[in-house]
Amino acid sequence: DAKTTQPPSMDCAEGRAANLPCNHSTISGNEYVYWYRQIHSQGPQYIIHGLKNNETNEMASLIITEDRKSSTLILPHATLRDTAVYYCIVRTGTGTASKLTFGTGTRLQVTL
Amino acid sequence: NAGVTQTPKFRILKIGQSMTLQCTQDMNHNYMYWYRQDPGMGLKLIYYSVGAGITDKGEVPNGYNVSRSTTEDFPLRLELAAPSQTSVYFCASTLPDGYGSNEQFFGPGTRLTVL
């Protein structure tokens, strides 16, 4: 699976959009971009994933560049409860038993 | 659905002791996983299973054993506990590749300290 690079930490004011970047310059054509987050010491929680099109769900939006070498997770109106570590993960869609390789992620701090 | 449940929540072991971390899921997921997370680090895969009777090593399997006799249960065994196994252990499950989003559902974790 391709390696990902994320900033170690970011701050965001409550109510503003949080834009979390991720670089995955060695991504292959059949690899998906997944985002998970981990609030405090809880188990990670799935947020969203995509292949090459932008995706949106009730939690967030995922913007993937046309060359697929980077992506941005957008939390449109961050709240204090969004304070967490966010993991960007690239994995192949089939034949890998859906295994995930976690990096150290981005610690997002949402402040008043 | 209860989702993925893990027991115990906390445990302190002495060096050389053994224990089994329990994991159960009620979502009829074929794939199950065990991860460990050391302080300030991401999760690392210990073992995984794609179905009952099938298990395979992940990135850090040394010192651990698993079994998968049913779809629901995936216990993790520590035979001779060492201080290096002090960590938080997470169990997760998902459907096979190609089914839905393949999101992994995680349990609440077991915090293990080996002294």
Side-chain angles (χ1 to χ4, degrees), chain A residues 1-9 20 22 24 30-51 53 55-62 73 84-109, chain B residues 2-6 9-10 21 23 25 27 29-51 54-61 68 74 87-112:
Chain A
D1 294 337
K3 184 177 172 60
T4 62
T5 303
Q6 300 177 252
S9 64
L20 290 86
C22 179
H24 31 78
N30 63 346
E31 289 184 316
Y32 289 78
V33 179
Y34 277 74
W35 283 83
Y36 283 76
R37 73 180 183 183
Q38 188 174 25
I39 296 174
H40 195 42
S41 301
Q42 299 175 20
Q45 174 191 26
Y46 165 83
I47 301 172
I48 198 167
H49 79 286
L51 182 61
N53 297 321
E55 302 288 345
T56 295
N57 62 21
E58 64 278 3
M59 289 182 68
S61 294
L62 175 60
L73 178 74
V85 178
Y86 288 78
Y87 297 98
C88 169
I89 301 167
V90 170
R91 73 163 189 89
T92 56
T94 60
T96 62
S98 300
K99 290 183 290 182
L100 300 174
T101 300
F102 287 82
T104 51
T106 295
R107 182 172 298 276
L108 175 68
Q109 180 70 50
Chain B
V4 179
T5 56
Q6 293 183 238
K9 286 187 170 55
F10 303 93
L21 283 67
C23 175
Q25 53 89 12
M27 297 173 283
H29 286 169
N30 299 76
Y31 292 3
M32 295 187 74
Y33 313 83
W34 274 106
Y35 296 88
R36 60 175 286 173
Q37 185 175 32
D38 299 331
M41 306 296 289
L43 282 70
K44 293 189 177 180
L45 184 64
I46 306 172
Y47 270 95
Y48 65 99
S49 168
V50 297
I54 305 170
T55 62
D56 210 343
K57 295 178 180 179
E59 184 183 356
V60 290
R68 184 93 181 270
F74 190 39
S87 191
V88 181
Y89 293 83
F90 291 101
C91 179
S93 71
T94 189
L95 290 168
D97 289 338
Y99 285 82
S101 66
N102 283 133
E103 66 175 284
Q104 289 191 16
F105 293 82
F106 286 81
T110 294
R111 187 175 297 274
L112 176 66

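Just so it is clear: chains get the letters A, B, ... in the order the sequence lines come, proteins before strands, and each one is counted from 1. Remember, predicted model here, so these are calculated numbers, not experimental data.
For chain A, no part of Val88(B) is nearby; none of its heavy atoms comes within less than 4.5 Å. Using a 4.5 Å cut-off between heavy atoms, Leu43(B) contacts chain A through both its backbone and its side chain. Glu59(B) does not touch chain A: none of its heavy atoms, backbone or side chain, sits under 4.5 Å away. Looking at Tyr35(B), the atoms closer than 4.5 Å to chain A (heavy atoms on both sides) all sit in the side chain, from C-beta outward.
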Query - Candidate pair Arg91(A) and Asn102(B), rule side-chain contact (heavy atoms from CB on, under 4.5 Å), full reasoning - result: CA-CA 11 Å; Arg91(A) 73 163 189 89; Asn102(B) 283 133; 3.0 Å; yes
Requested in this report: Show your reasoning for whether side-chain contact (heavy atoms from CB on, under 4.5 Å) applies to Glu103(B) and Tyr36(A).
Outcome: CA-CA 9 Å; Glu103(B) 66 175 284; Tyr36(A) 283 76; 4.1 Å; yes
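Contact check for Leu100(A) versus Tyr33(B): no side-chain heavy atoms found under the 4.5 Å cut-off. Between Tyr48(B) and Ser98(A) there is no side-chain heavy-atom pair separated by less than 4.5 Å.
Evaluation of the salt bridge (Lys or Arg N to Asp or Glu O under 4.0 Å) test over residues 32-45 of chain A, restricted to residues two or more places apart or in two chains, returns Arg37(A)-Asp82(A).
Considering all non-hydrogen atoms of both residues, Met41(B) and Tyr87(A) come closest at O-OH, 4.0 Å.
Qualifying salt bridge (Lys or Arg N to Asp or Glu O under 4.0 Å) partners for Asp56(B), counting only residues two or more places apart in sequence or in other chains: none.
Between the CZ atom in Phe106(B) and the CD atom in Gln42(A) there is a gap of 13.0 Å [rounded to 0.5 Å].
With Gln38(A) contributing its side chain and Gly42(B) its backbone, the two residues share no donor-acceptor pair below 3.5 Å.
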